[in-house]
Undergrad: 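Dropping the structure in here first, questions after.
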Protein chains: 2
Amino acid sequence: MLSKKTKYGLKALTYIAKKDCGKQPVLIAQIAKDENISKKFLEIILLQLKNSGFLGSKKGKGGGYYLLKKPEDITVAALMRILEGPIAMLPCVSLNFYEKCDDCISEEECSLSRVMIEVRDSTLKVLENTTLADLC
Amino acid sequence: MLSKKTKYGLKALTYIAKKDCGKQPVLIAQIAKDENISKKFLEIILLQLKNSGFLGSKKGKGGGYYLLKKPEDITVAALMRILEGPIAMLPCVSLNFYEKCDDCISEEECSLSRVMIEVRDSTLKVLENTTLADLC
DNA sequence: AAAAAGTCTACTAATTCGATAGACTATTAG
DNA sequence: CTAATAGTCTATCGAATTAGTAGACTTTTT
C-alpha cells in the first residue's frame with residue numbers, strides 16, 4: 001500500500017498540473033483545502049518535491065508552487081521513487097534502491113527473486129508509462 | 001516492499017513444499033536454521049498459515065508442519081493476502097481489502113484510481129499465476 | 001510597514017515491525 | 001509411566017515509521 005505521503009504528493013502534483021496553464025503559482029493552502037490534506041503535512045511533501053527538482057516555488061504574496069517540467073515528462077514511477085522509495089517488493093530486485101537481503105545465502109538460489117522481478121517489471125511497465133498529464 | 005514476515009512465510013512454505021514429497025512433517029527449527037530466519041518469529045508466521053488453512057501440524061516427536069494442499073494449488077497471491085494484506089496500492093482499488101479513502105470526495109473523480117487499478121491488475125496477473133510449485 | 005506565503009526546527013502520539021522469553025500442551029519412544 | 005520432543009500461547013520489548021501539529025523565521029509584494 002502507498003503511504004499517505006505518496007498519495008497526497010501525487011494528488012497535489014496533479015492538482016498543480018491542472019492549474020498550471022496560466023503559470024500562476026498554486027498555494028499550499030488551496031491544494032490542502034480542495035484535496036482534503038493536512039496543510040502542515042503537505043508543506044513537508046511539496047518541499048521534498050521541490051528539493052527533488054520537480055517543483056519550483058515563490059515566496060510572498062502571489063507566491064506558491066509551480067511545475068518545473070511539462071506534465072508529460074513527469075512519470076508516476078519517478079514520483080513514487082522520491083516519495084515512497086523502492087517500487088520493487090524486495091530490496092534485492094530493486095533497480096534504483098538495490099540492497100542485499102541479509103537472510104539470503106546467494107542471490108541466484110533465492111526462490112522469490114524470479115517472481116518478484118516479474119512483478120517489478122509489470123508494475124514498472126504501467127508506472128513508467130503513466131505521466132502527470134495522464135492523471136489530469 | 002514486502003515485510004520480512006511475508007518474505008519469511010513464502011520462503012518457509014517453499015522449503016516445506018520441497019521436502020513434502022515423503023509427507024514427513026518439517027521442523028520449525030530446521031527451516032529457521034536453513035533459511036536464516038529467527039525461529040521465534042517463524043513460529044508466529046507458520047501458526048498464522050496454519051490458522052489460514054494452508055498448513056497442518058503435528059506435535060511431539062516426529063512432528064512439524066506439512067502442506068494441506070498441493071503446491072500447484074497455492075498461489076503466491078493468496079499467501080500474500082494472508083501475510084501482507086492488500087496487494088493493491090490504494091485501499092479503494094483493493095479487491096479483497098476494499099476501504100473508502102477518507103480524503104477522496106468521490107471515487108470516480110479520484111485521479112489516481114485508474115493507474116492504481118492498472119498496477120493492481122498487472123501485479124495480480126503475475127501473482128495469481130505463480131504457485132508454490134513454481135517457486136520450488 | 002504590513003501582509004502574504006513558503007521554510008525550518010522541533011515535537012508528539014500511535015502504530016507497526018521484528019524479535020525474544022518462558023510457560024504450557026500434546027505426542028511419541030523407551 | 002516418564003522423559004524428551006516439538007508445536008502453542010501469553011507477554012513483552014525496542015526501534016523505526018507514519019501522520020500530524022506548533023510556532024518561529026524569512027522572503028517578497030503592496
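All of these numbers come straight from a predicted model, not from anything done at the bench. Throughout, a chain's letter reflects where its sequence line sits, starting with A, and its residues are numbered from 1.
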Undergrad: If the condition is salt bridge (Lys or Arg N to Asp or Glu O under 4.0 Å), which residues does B/Lys5 pass it with, not counting sequence neighbours?
TA: none
Undergrad: What residues form a ring pair (Phe, Tyr, Trp, His ring centres under 6.0 Å) with B/Phe41, not counting sequence neighbours?
TA: B/Tyr8
Undergrad: Apply the test side-chain contact (heavy atoms from CB on, under 4.5 Å) to residues A/Lys18 and A/Leu132: give CA-CA distance (whole Å), side-chain angles for both, the deciding distance (0.1 Å), then the verdict.
TA: CA-CA 9 Å; A/Lys18 273 181 190 161; A/Leu132 264 198; over 6 Å; no
Undergrad: Taking for each residue the nucleotide of DNA chain D bearing the nearest heavy atom, is the 5' side occupied by A/Gly62 or by A/Tyr8?
TA: A/Tyr8
Undergrad: Among residues at least two apart in sequence or on other chains, which ones pass side-chain hydrogen bond (donor to acceptor under 3.5 Å, both in side chains) with B/Asp134?
TA: B/Thr131
Undergrad: Mind checking side-chain contact (heavy atoms from CB on, under 4.5 Å) for B/Asp34 and listing every partner two or more places apart, or none if nothing turns up?
TA: B/Tyr15, B/Gln30
Undergrad: Quick one: A/Tyr65 OH to D/dT27 P, roughly how many Å, whole number?
TA: 15 Å
Undergrad: Can you check the B/Phe41 CZ to D/dA11 P distance for me, whole Å?
TA: 20 Å
Undergrad: Within residues 45-61 of chain B, find the residues that approach DNA chain D with a heavy atom at under 4.0 Å, and present them sorted by residue number.
TA: B/Leu47, B/Lys50, B/Ser57, B/Lys58, B/Lys59, B/Gly60, B/Lys61
Undergrad: Mind listing the closest non-hydrogen atom pair of B/Ile45 and B/Gly9 along with its distance?
TA: CG2-CA, 3.7 Å
Undergrad: In whole angstrom, give the distance that lies between atom CD1 of A/Ile37 and atom C1' of D/dT18.
TA: 16 Å
Undergrad: Please table the atom pairs, donor to acceptor, closer than 3.5 Å between any side-chain atom in residues 54-62 of chain B and protein atoms at least two apart or in another chain.
TA:
{"unit_1": "B/Ser57", "atom_1": "OG", "unit_2": "B/Lys50", "atom_2": "NZ", "d": "3.2"}

Undergrad: Measure the distance from NZ on B/Lys40 to P on D/dG7 and round it to the nearest whole Å.
TA: 11 Å
Undergrad: Of all residues at least two apart in sequence or in a different chain, which pass the side-chain contact (heavy atoms from CB on, under 4.5 Å) check with B/Asn36?
TA: A/Asp103, A/Ile105
Undergrad: How many whole angstroms separate atom CE of A/Met1 from atom P of D/dA19?
TA: 11 Å
Undergrad: Separation of B/Tyr66 atom OH from D/dA6 atom C1', in whole Å?
TA: 14 Å
Undergrad: Can you give me the first and the last nucleotide of DNA chain C (5' to 3') that has an atom within less than 4.0 angstrom of a non-hydrogen atom in chain B?
TA: C/dG18 to C/dT28
Undergrad: Looking at A/Ser3, I'd like to know whether one of its side-chain N or O atoms comes within less than 4.0 Å of OP1 or OP2 on D/dT17.
TA: no
Undergrad: Partners of A/Ile28 by side-chain contact (heavy atoms from CB on, under 4.5 Å), sequence neighbours excluded?
TA: A/Lys39, A/Leu42, A/Glu43, A/Leu46, A/Tyr65
Undergrad: Take B/Ile28 and A/Glu43, find for each the nucleotide of DNA chain D with the closest heavy atom, and name the residue whose nucleotide sits nearer the 5' end.
TA: B/Ile28
Undergrad: Output a table of donor-acceptor pairs, distance under 3.5 Å, between side-chain atoms of residues 71-92 of chain B and any protein atom two or more places apart or on a different chain; print 'none' if there are none.
TA:
{"unit_1": "B/Thr75", "atom_1": "OG1", "unit_2": "B/Ala78", "atom_2": "N", "d": "3.0"}
{"unit_1": "B/Glu84", "atom_1": "OE1", "unit_2": "B/Ser3", "atom_2": "N", "d": "3.2"}
{"unit_1": "B/Glu84", "atom_1": "OE1", "unit_2": "B/Ser3", "atom_2": "OG", "d": "2.9"}
{"unit_1": "B/Glu84", "atom_1": "OE1", "unit_2": "B/Thr6", "atom_2": "OG1", "d": "2.3"}
{"unit_1": "B/Glu84", "atom_1": "OE2", "unit_2": "B/Ser3", "atom_2": "N", "d": "3.4"}

Undergrad: What ring-ring contact (aromatic ring centres under 6.0 Å, His included) pairs are there with at least one residue in residues 115-136 of chain B, not counting sequence neighbours?
TA: none
Undergrad: Going by number, which of residues 78-100 of chain B have a non-hydrogen atom under 4.0 Å from DNA chain D?
TA: none
